[in-house]
Number of protein chains: 2
Amino acid sequence: MTRKNADGGGRSTIRDVAARAGVSAATVSRVLGGVYPVSTATRTQVLRAVRELDYVADARAKAIAGAGTPTLGFVLDDITGPSFALMAHGVEREATRLGHLCLVCSTDGDAAHESDFIETMRAQRAAAVILVGGGADTPEYRSRTARFADALAAAGSRLVLCGRPPLDPGAPVTVIEYDNEGGAYALCAHVLSRGHRRILFLGGEPEHTTAQGRERGYLAAHHARGVEADPALRLAGDFTRDSGYRSMRRALETGLDFTAVMAATDMVAAGALTALREAGVDVPGEVSLVGYDDIPFARDLWPPLTTVRVPYEELGRLAVRTALRSAGVGDEHLLLGTHVVVRGSVGVVGGGVSSAG
Amino acid sequence: MTRKNADGGGRSTIRDVAARAGVSAATVSRVLGGVYPVSTATRTQVLRAVRELDYVADARAKAIAGAGTPTLGFVLDDITGPSFALMAHGVEREATRLGHLCLVCSTDGDAAHESDFIETMRAQRAAAVILVGGGADTPEYRSRTARFADALAAAGSRLVLCGRPPLDPGAPVTVIEYDNEGGAYALCAHVLSRGHRRILFLGGEPEHTTAQGRERGYLAAHHARGVEADPALRLAGDFTRDSGYRSMRRALETGLDFTAVMAATDMVAAGALTALREAGVDVPGEVSLVGYDDIPFARDLWPPLTTVRVPYEELGRLAVRTALRSAGVGDEHLLLGTHVVVRGSVGVVGGGVSSAG
DNA sequence: GTGAAAGCGCTAACAC
DNA sequence: GTGTTAGCGCTTTCAC
């Protein structure tokens, strides 16, 4: 059984085209390849054969022979989260703009998946692999990731951490992050400045780097104001709407004492808001609420959510640009700024109701 | 300058490993390949060499030689939309579960990008390419897409339409869609049943298949009730929050007469809701509002949004499963059901306020 | 069990 | 300008 078929199958090879055009495979390669000198007559012949056979060169073969489209791998927790999606979009757009292909994989927070995928990207000889979003920061994680970074670097590739803090210095990684802690600090300072002293923190998984950064900002702001942060006011969870809803209900049932809540993400804030409303608590009249991320509909909640703006898409774009540039060894580190967006969900303690800006 | 390096670079080839282990390349291939009979001694040698060299086989070379991980391409408008993200997640999860790699590309609604990418996937010899979400339904689109379907099929691959209506019958495509029109019909019927007679429809781009389907449902429901649908009540836009906000403002400024609004998506509804609120219009007291998609935070809006539930993630999963199964020629068509989720954003005309369910 | 050799589909010297 | 000849890094007969 032969593989060749002369009619319009996609399975035809460069030799089929050559045969049909009455030239050599090399010539076909040349006309297809671009600007190599080929006579107009042959070029026409070849192009006709290509069209008739509906020939498309095998990219894998090209790649292995030296030409070929470079590929970029990116892995994220869950494309479903709005902020992840924004970063992914930035990565994808910039990559295709630069003529790269994109391989994706979502890990659902599973570190083993992450390892597997990095290995796969290595096998694909990806020009860079981008880890999008925070992750669990354990010692195992750090050493494993550092190993990957080395392996990738040794192969002329590159590991990029996008929205995740650097590994130990010296590891050949590119990191593009935003000022997670700084944003949380500013946000919490804003809430404190309105007189709140007992602020419930609805956090993420304890080892998640993003959650940690935001909690550090929360703590630092308290410290700077000389306000003691009651540990009982810090609840763990994850970054989903449902987690926010559940945590808030629990806090309410437990009879926790607080006048404001700072949610780790806008999604968490959305869930918390609903729980608050169901309990008949007025926001921001009785309890103030802030989120983090400034996702598109943060302004569509009622009251419009005060939150922290993060340049997620920019982050993704920069990640690929920087990765592709800094192909050499050495680590690179970019830190993007954030800013708080004041809307109407924070009230003055014991005072008026709204603080829209 | 030689490519080989004996130390732990990722650039080592199977021959480097063979040399170091004192065996032939074929043997290395065999121990790595799986269950071919190899003596324990050699196996150990080889594995040690692999480890020392940190060798990872080149997936492209494998692919071209016959082995290799199958790849799946998927293209969507914009990963940033919640429903797209859900489908993408389903696709990605199922694909990696089945041991496939995923190549992505977002087109930002540009048909040319779509064509380019399908061509690229053909070059990659993807096992299937999945078009996620609706698109502009023009004659050019239909013929172009049918051509791609043929080309892919001829090459043993497959075109899958996920959340998009079929092409002309006979085209070798797999389509997994949901009952877009049916959902809109049920939703609109619900609104009509509450006494509304002038329902503003905040649609999408006129040629977008999803927008069209939803509009058809809207129209059909009117027709079934014998209510005339005023064309002036149908506004075009896109599926973003901002589009909803702008359209709603315009409708309000124009002094359009309506008692309910049916938004093409929940995102559109979110924007519309804010515009309504800013204009001091009570929802659902004065105007009722419904969306479509049932994205996670639809329930976090105030009032909680009545909408249509679509099994997006399931859609994505089914797309890859079906695609990979129906590798032969012939078209396959799955239609998933939807259902309306009644929450609190629809009121009875001239009557009470809420209709939470 | 293992090696030598052929070949996957392509590109890139090197000839003429 | 164009054909011939080597590879690219791997798998897979086919011998031994």
Side-chain angles (χ1 to χ4, degrees), chain A residues 1-5 9-47 49-50 53-70 122-125 155-156, chain B residues 1-5 9-47 49-50 53 55-70 122-126 155-156:
Chain A
M1 166 177 160
T2 171
R3 286 294 240 358
K4 321 236 164 156
N5 60 353
R11 277 242 171 288
S12 28
T13 81
I14 198 170
R15 270 185 286 276
D16 298 331
V17 177
R20 183 176 255 262
V23 297
S24 76
T27 301
V28 175
S29 175
R30 293 198 263 252
V31 335
L32 260 30
V35 285
Y36 196 95
V38 180
S39 87
T40 317
T42 10
R43 147 164 286 114
T44 314
Q45 289 299 316
V46 170
L47 289 179
V50 165
L53 258 32
D54 197 12
Y55 168 75
V56 177
D58 187 321
R60 293 105 38 105
K62 281 179 108 130
I64 211 191
T69 322
R122 212 139 89 73
Q124 295 287 341
R125 303 299 188 252
Chain B
M1 169 177 160
T2 171
R3 287 295 242 356
K4 322 236 167 156
N5 59 354
R11 277 240 171 290
S12 27
T13 82
I14 197 171
R15 269 185 287 276
D16 298 333
V17 178
R20 182 176 257 261
V23 297
S24 75
T27 302
V28 175
S29 174
R30 294 199 261 251
V31 336
L32 259 29
V35 285
Y36 196 95
V38 179
S39 87
T40 317
T42 13
R43 147 165 286 113
T44 315
Q45 289 299 315
V46 170
L47 290 179
V50 166
L53 259 30
Y55 169 74
V56 178
D58 187 321
R60 294 106 37 105
K62 280 178 107 127
I64 211 192
T69 322
R122 211 141 89 74
Q124 295 287 340
R125 303 298 187 253

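Proteins get letters first, then strands, A, B, ... in listed order; numbering begins at 1 in each.
Contact annotation: B/Ser39 reaches the phosphate of C/dT2 (side-chain N/O to OP1 or OP2, under 4.0 Å). Between B/Ser24 and C/dT2 there is no side-chain N or O to OP1 or OP2 distance below 4.0 Å. Contact between the side-chain N/O atoms of B/Arg15 and the OP1/OP2 oxygens of D/dC8 is found at a separation under 4.0 Å.
For the atom pair CG of A/Leu47 and OG1 of A/Thr42, the computed distance is 10.0 Å after rounding to the nearest 0.5 Å.
At a cut-off of 3.5 angstrom, the base of C/dG1 holds no donor-acceptor pair with the side chain of B/Arg43. Side-chain atoms of A/Arg60 and base atoms of D/dG9 include no donor and acceptor less than 3.5 Å apart.
Minimum atom distance to the side chain of A/Ala61 is reached by C/dC10, of the listed C/dT2, D/dC10, C/dC10. For A/Lys62, counting side-chain heavy atoms from C-beta on, the closest listed nucleotide (D/dC14, D/dC10, C/dC10) is C/dC10. The side chain of B/Ala26 approaches C/dA5 more closely than any other nucleotide in the set D/dC10, C/dA5, C/dT2. With C/dC8, D/dT13, C/dG1 as the candidates, the nucleotide lying closest to the side chain of B/Arg30 is D/dT13. Proximity note for B/Tyr55 (side chain, C-beta onward) versus D/dG1, D/dC10, C/dT2: the nearest is D/dC10. Minimum atom distance to the side chain of A/Ile14 is reached by C/dC10, of the listed D/dG9, C/dC10, C/dG3. In the set C/dG3, D/dG1, D/dG9, C/dG3 carries the atom at the smallest distance from any side-chain atom of B/Val23. Between C/dT2, D/dG1, C/dG9, one nucleotide has an atom nearer to the side chain of B/Thr27 than all others, and that is C/dT2. For B/Ala65, whose side chain is taken as the heavy atoms from C-beta onward, the closest listed nucleotide among C/dG7, C/dA5, D/dT2 is C/dG7.
Two residues are said to be in side-chain contact when any heavy atoms from C-beta on lie closer than 4.5 Å; A/Val56 and A/Val50 fail this criterion. You'll find the side chain of B/Arg122 reaches within 4.5 Å of the side chain of A/Asp54, heavy atoms only. Inter-residue side-chain proximity for A/Leu53 and A/Arg20 is flagged as met; some heavy-atom pair is nearer than 4.5 Å.
One can place CG of A/Leu32 at 9 Å from P of C/dC10, the figure rounded to the nearest angstrom. When the C1' atom of D/dC10 is taken as reference, atom CD of A/Gln124 falls 14 Å away, rounded to whole Å. Atom C1' of nucleotide D/dG9 and atom CG of A/Asp58 are separated by 14 Å, given to the nearest angstrom. What separates CG of B/Asp16 from C1' of D/dG9 is a distance of 11 Å, to the nearest Å.
Pairing each heavy atom of B/Ala21 with each of B/Ala49, the nearest pair is CB-CB, 4.0 Å. Annotation for A/Thr13 and A/Tyr55: closest pair C-CE1, 3.5 Å, computed over non-hydrogen atoms. Here the closest non-hydrogen pair linking A/Val31 and A/Val38 is CG1-CG1, 3.9 Å.
Closest-nucleotide positions on DNA chain C for B/Gly66 and B/Ala25 were compared, and the one nearer the 5' end corresponds to B/Ala25. Comparing A/Val28 and B/Thr42 against DNA chain C, the residue whose closest nucleotide sits nearer the 5' end is B/Thr42.
Taking the C1' atoms of five terminal pairs at each end of the helix from C/dG1-D/dC16 to C/dC16-D/dG1, the two resulting helix axes are inclined by 40°, rounded to 10°.
At distances below 3.5 Å, not a single donor-acceptor pair connects side-chain atoms of B/Ser29 with backbone N or O atoms of B/Ala25.
Nucleic acid contact for B/Ser29: base, since at least one base atom lies under 4.0 Å from a heavy atom of the residue. Within the nucleic acid shown, A/Ala57 comes within 4.0 Å of sugar-phosphate atoms alone, with no base atom in reach, counting heavy atoms only.
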